[in-house]
Structures are given as C-alpha cells and as structure tokens.
Amino acid sequence: MKTLPSCGEKQRSHTQADRSMPRRPAPVTGPERGRRCMAAAKVRWHREYPSRPHSQGIAQSIWSVMISRTLAADLPRHVGERTRIAGWLHRRRELKSVTFLVLRDRSGLAQVVLTEPSAIAATAGLPEETVLDVVGTVTANPQAPGGAELTEPTVTALSDPAKPPPFDLYRPAARATLPTVLDHASVALRHPKLRAPFEISAASVAGFRATLDELGFTEIQTPKIVESATESGANVFGIDYFGRPAYLAQSPQFFKQAVVGVFERVHEVGPVFRAEPHDTTRHLAQYTSLDAEFGYITDHRDVMVVLRDVIAGMVASVAARAAAAVELLDVTLPVVPQAIPQLHFAEAQELLAANSGEDPRGEPDLAPAHERWLSEWAAREHGSDFLFVTGYPMVKRPFYTHPDPARPAYSNSFDLLFRGLELVTGGQRLHRYSDYLAALAARGGNPAAYESYLSTFAHGMPPHGGFAIGLERWTARLVGASNIRETTLFPRDLNRLSP
RNA sequence: GGCCUCGUGGCGCAGUUGGUUAGCGCGUCGCCCUGUCACGGCGAAGGUCGCGGGUUCGAGUCCCGUCGAGGUCGCCA
C-alpha cells in the first residue's frame with residue numbers, strides 16, 4: 001500500500017458539515033487536503049460514519065446518503081448542479097496537468113476531471129478499483145464520454161486503496177481465461193462484459209415471473225432437502241440430516257405437482273442439484289430451474305402453448321430491462337414464433353436418417369449432435385431459433401410421464417431446443433392414482449417409497465403438466481457463451497466448489 | 001468416467017530438432033506528457049518454467065507418475 005505524498009499529520013474528525021450537499025467548490029488545501037489524504041491512505045473514516053452524530057437534529061441514515069447519490073448514467077440530467085457520485089475507480093488517466101478518473105457504478109461509467117494540482121496530487125496514489133465518493137459540478141462537455149463530466153471535484157475514498165485486480169477491468173474485452181475469471185469471480189465479474197450476462201439472466205427471470213403471474217400462476221418455494229430421490233434415483237447428493245440420510249433436491253417435480261392440487265397453477269425459481277459426473281460445457285452440479293406446473297390441461301400441447309408465451313415474455317423482458325447488456329454483448333435476441341415449429345421424435349429421427357448422414361432410428365434418445373442438426377434444420381426451414389421435439393419414447397422418460405394415448409410407446413412430453421441446445425423438458429404427467437401404481441409396477445419401482453407423493457393423486461388430481469427451463473443454459477444460448485460457467489456467478493461442478 | 005489438449009512472472013502468450021544470463025504484450029513501480037477516453041513516451045522491478053521422479057554431459061523443451069485446467073463423448077436442464 002502506498003501513502004499519498006505529503007499526507008500524514010493533517011487529519012481531523014468529520015462532521016455532518018463535511019457531508020452536506022451541495023458543496024461549493026473548495027480549494028483543496030488545509031484540512032480538506034488532509035481529509036483526502038487520510039481517505040486515500042490508511043484511515044478509514046467511512047467506518048465511523050454510521051455512528052456519526054447528526055447535526056441540526058436531522059436524522060440522516062447512511063442509506064439515505066448513499067442512495068441519494070447520482071448514478072453515472074444520470075449525470076447528463078444534472079448539468080450545472082453540484083452532485084455526488086460514488087463508485088469504483090474504473091480507470092485513472094494521468095496527464096501532465098489534468099487527471100481523469102473514470103468511476104464505475106451499477107449504471108455505468110462517469111468521468112471526473114481533476115485540474116487542481118493539489119487535487120491531482122491527493123488522488124495520485126489511488127489504485128483502480130478503490131471505491132470513491134466524488135462531489136463535483138456536472139459539466140456538459142462534448143469531449144466527455146456521455147457528454148457530461150464532473151469538474152472541480154472533491155474526492156474521498158470509501159475503501160482502502162484497492163489491490164490490483166487479477167486482470168484489467170477497464171479494457172473493452174476481458175482478457176482472462178475462464179479459470180481465471182472463475183477463481184477471482186467476485187472481482188472479475190465487475191468487468192462490464194462479464195457482468196452483463198447476469199443482468200440478462202435477471203431480466204429473464206423477471207419475465208418468467210411476470211408472464212406466469214399474468215396467467216394466474218402462484219409462485220411457490222419447495223424444499224431443497226428431500227427424503228428420497230426424485231427422478232432416476234441415481235446422481236443425488238446425499239447429506240446427513242440430523243443423523244438420517246437425506247438428499248439435495250434434483251428437481252421440485254414432486255412438490256410442484258402436489259400443489260397443483262392446491263393452486264392449480266404454480267411456478268418456482270430455485271436451485272436444483274445434480275450429482276451427475278458430467279464434465280461438460282453445459283452441465284453444472286447446481287443450476288437454477290425455472291419450473292411451472294398447472295392443471296386442467298388437455299395434453300402436453302397446452303403446456304407447450306404456455307411455454308411459448310413464457311419464452312416470449314422472457315425475451316421481451318430482456319429487451320426491456322437489460323437493453324444495455326444486450327447492446328454491450330451484441331446479443332441478437334431471438335424472435336419467438338407464434339407457433340414454434342415442432343417435430344415428433346419419430347419424425348425427427350426420420351429426418352435425421354434421410355438428411356444428416358446418420359441413422360439414429362431405433363435409438364431411444366437424440367444425441368447432442370442430432371439436436372444441433374435439428375436446430376439448424378428449424379432455423380433453415382422455419383426461420384426459428386426454437387424447435388419442439390415431442391413424443392420422446394416412454395422408456396427414456398420418468399415414471400410420472402403421461403404416455404401418448406394413440407402411441408403408448410411414445411410420451412406426451414417434449415423438449416424445447418434453443419440454438420442447438422436442449423433448454424426445456426416438459427410434458428403431461430400422469431394424474432390418476434391407478435396409473436401411477438401401474439407405472440411404478442411396470443418399472444419395478446416401490447410404491448412405498450413414494451407414499452406421500454402418490455397419496456396426492458389418490459385424493460384427486462386434474463390432468464396436468466409442466467416444464468422446467470435451465471436458466472444458465474438459456475442465458476448461455478442467448479449471449480452466445482460457449483461454456484455454461486460464463487453465465488453462472490459461482491459455478492458448482494465436478495471440480496469446482498469454491499469460490 | 002473414456003478420449004484429446006494444455007499447465008512458463010498478477011493476466012494473456014512465445015519459447016525453434018533438448019544447449020550459455022527464459023522472451024513479448026498488458027499490468028505494477030519510477031520519471032515525463034493540458035483533455036484523455038484500450039491515452040502516449042522513457043526506464044525499472046518481478047518467473048527457474050504445476051508438483052514428484054527419470055533419461056541425458058545438459059530439459060521449460062523427451063519419458064513416467066501425480067495434481068489442476070480446457071475441449072469432446074456418454075447423459076442431461
């Protein structure tokens with residue numbers, strides 16, 4: 001750590017007057033100079049701040065002060081005003097007689113101009129990523145990025161001088177490999193381009209919720225610690241639950257079905273856990289599942305209609321709420337067709353056999369390469385980034401899957417492919433108690449193990465179905481990320497448990 | 001888990017058929033530059049090449065093991 005030149009002795013206590021706004025441009029001398037030096041050096045005045053006595057009987061919480069600051073993006077609307085901004089020192093550019101500080105806050109970047117020699121000296125030692133509070137005059141200037149900048153500033157450090165980040169955060173592109181980014185996630189993700197996918201992710205979730213709320217769905221939260229494995233049974237994380245064996249939930253499937261009997265229509269955004277040893281660019285041990293389940297459907301096609309609207313709502317929300325991130329990443333948002341093209345599983349295999357040079361007929365599932373081919377086919381033939389593949393063979397689907405009444409070897413289920421990747425699985429579920437008993441018997445399952453789940457159906461359930469969207473996969477396909485870890489803040493996978 | 005590839009200063013890379021003091025860019029530090037905006041210029045520090053073992057007169061450079069990483073396939077969201 002570096003101490004600023006000429007700093008040291010001139011420190012003083014801080015009063016409300018120091019923080020009052022607006023502040024007149026003040027010559028940076030004497031106590032003021034000392035205060036800046038102190039802030040830039042080892043004294044952490046801000047830690048005293050919450051307990052500072054309020055002058056004039058005005059109760060001013062730290063929150064009201066911090067939140068009252070102007071965001072970088074709003075600076076052009078405050079031209080001529082004395083204004084406070086706060087953020088990370090994104091970049092410092094020192095020229096002979098003028099120094100530019102570029103501050104980064106959650107809204108964007110703002111330029112601060114220092115011309116006073118003493119002010120320049122006072123900030124000279126501030127490393128990038130140091131958190132600063134700047135009060136200055138918003139000045140319109142065509143030379144300034146965004147058309148406005150802060151002049152005659154008073155700069156105060158809110159953090160200790162920051163340790164240099166593992167790579168340059170201010171460059172247009174983040175020049176770091178994925179492992180480096182992941183190892184230093186909390187700092188690395190500050191890079192605007194590394195942060196942007198998560199803004200898109202958040203907007204997607206907002207769109208998911210908004211669309212389903214509009215359709216009368218109730219948002220639910222279900223346990224992530226469960227007594228028995230949900231799906232295939234294997235690949236679950238076992239935990240010690242007060243001395244009893246338990247598992248991390250692989251899916252909210254059983255619970256969301258159960259409460260269809262309560263609310264008719266439910267959705268949930270939550271984590272799911274898969275202990276599958278799949279070390280790929282599209283698998284995580286924990287990911288976020290966007291689930292929906294609802295009753296009184298005719299069959300899986302009703303589910304597909306709702307899913308189509310949900311996807312469209314997510315895209316619209318991204319466009320509306322994450323426009324800056326979309327632009328920064330140069331994302332091409334997909335057009336969601338009113339009717340997403342669909343292929344039956346058997347048709348898909350015929351199509352592949354006839355055109356792709358491979359013959360997957362007879363296989364119970366589609367390989368990733370087949371999914372990519374089919375996605376390209378949908379884009380080519382139908383101009384769609386999306387493709388429904390319906391009617392997957394029952395043998396490859398979980399026991400609660402509803403068969404196609406006309407072709408019982410096939411199911412009333414579907415996958416939604418998005419830009420070559422399996423994004424959603426959904427379908428109609430069994431809803432009759434007797435069908436569950438039969439399905440379990442046919443698969444050699446033990447009804448006793450599913451007693452509480454099955455009892456729901458014994459008490460009367462409507463025909464129902466639902467789907468689950470993999471959030472990180474969705475975002476990855478949207479932003480063109482080649483690895484799902486690029487759209488996961490702190491990924492958990494076969495090898496990574498930290499940070 | 002199978003297969004392929006990689007592991008060189010904080011970051012991103014180069015290191016020819018194994019051979020004297022391991023290079024480059026960025027960053028860092030110092031000096032210089034009236035307005036930059038991936039600013040620019042000059043200089044300096046910082047690595048013994050993931051780890052262990054082996055081959056060799058000599059290994060970052062070949063072999064074995066090990067740990068870590070990336071890709072790919074199976075499978076999945």
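Within every chain, numbering begins at 1; the chains are lettered A, B, ... in the order of the sequence lines, protein sequences first and strands thereafter.
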For atom [atom1], what is the distance between [N] and [M], given to the nearest Å?
N      : M      : atom1 : result
G70(B) : C13(B) : C1'   : 16 Å
C49(B) : G23(B) : C1'   : 12 Å
U48(B) : A22(B) : C1'   : 8 Å
A45(B) : C24(B) : P     : 12 Å
U8(B)  : A69(B) : P     : 14 Å
U55(B) : G68(B) : C1'   : 26 Å
G15(B) : G19(B) : C1'   : 14 Å
G12(B) : G18(B) : P     : 29 Å

[N] phosphate, OP1 or OP2, under 4.0 Å from [X] side-chain N/O:
X         : N      : value
Thr425(A) : C76(B) : no
Arg171(A) : G27(B) : yes
Ser289(A) : A77(B) : no
Thr280(A) : G74(B) : no
Asn483(A) : G70(B) : no
Thr177(A) : C11(B) : no
Tyr170(A) : G27(B) : yes

Please confirm whether any donor atom in the side chain of Glu128(A) sits under 3.5 Å from an acceptor in the base of G27(B), or the reverse.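 No pair found.
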
Going by modelled atom types, is there a donor-acceptor pair between the base of U36(B) and the side chain of Gln111(A) at under 3.5 Å?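 Side chain to base: pair found, below 3.5 Å.
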
Parallel, tilted or perpendicular for Phe418(A) and Phe386(A), by the 30°/60° rule?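 Correct class here is parallel.
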
For the residue pair Tyr170(A) and His90(A), categorise the inter-ring angle as parallel (less than 30°), tilted (30 to 60°) or perpendicular (more than 60°).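 Plane angle over 60°, so perpendicular.
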
Are side-chain N/O atoms of Asn141(A) and Thr139(A) paired as donor and acceptor at under 3.5 Å?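 Side chains of Asn141(A) and Thr139(A): no pair found under 3.5 Å.
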
With a 3.5 Å limit on both atom pairs, tell me what [N] is paired to, counting Watson-Crick and G-U wobble, or say none.
N      : value
G68(B) : C6(B)
G46(B) : none
G60(B) : none
G27(B) : none

For Arg77(A), is the CZ atom crowded, meaning more than 12 foreign heavy atoms sit under 6.0 Å from it?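 No.
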
Heavy atoms from other residues, nucleotides or ligands near CH2 of Trp377(A) exceed 12 (cutoff 6.0 Å):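 Correct, the count exceeds 12.
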
Residue closer to the 5' end of RNA chain B, Pro142(A) versus Arg473(A) (nearest nucleotide):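 On the 5' side of the pair lies Pro142(A).
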
Nearest-nucleotide comparison on RNA chain B, the residue closer to the 5′ end among Tyr287(A) and Pro164(A):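 Final value for this comparison: Pro164(A).
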
Spacing between Phe273(A) atom CZ and A77(B) atom P, to the nearest angstrom: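 Value for this atom pair: 16 Å.
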
Those residues that, when tested against Ala346(A), pass side chain to side chain contact (heavy atoms under 4.5 Å, CB included) (two or more places apart):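 If we apply the side chain to side chain contact (heavy atoms under 4.5 Å, CB included) test to Ala346(A), skipping adjacent residues, the hits are His344(A), Arg407(A), Tyr410(A).
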
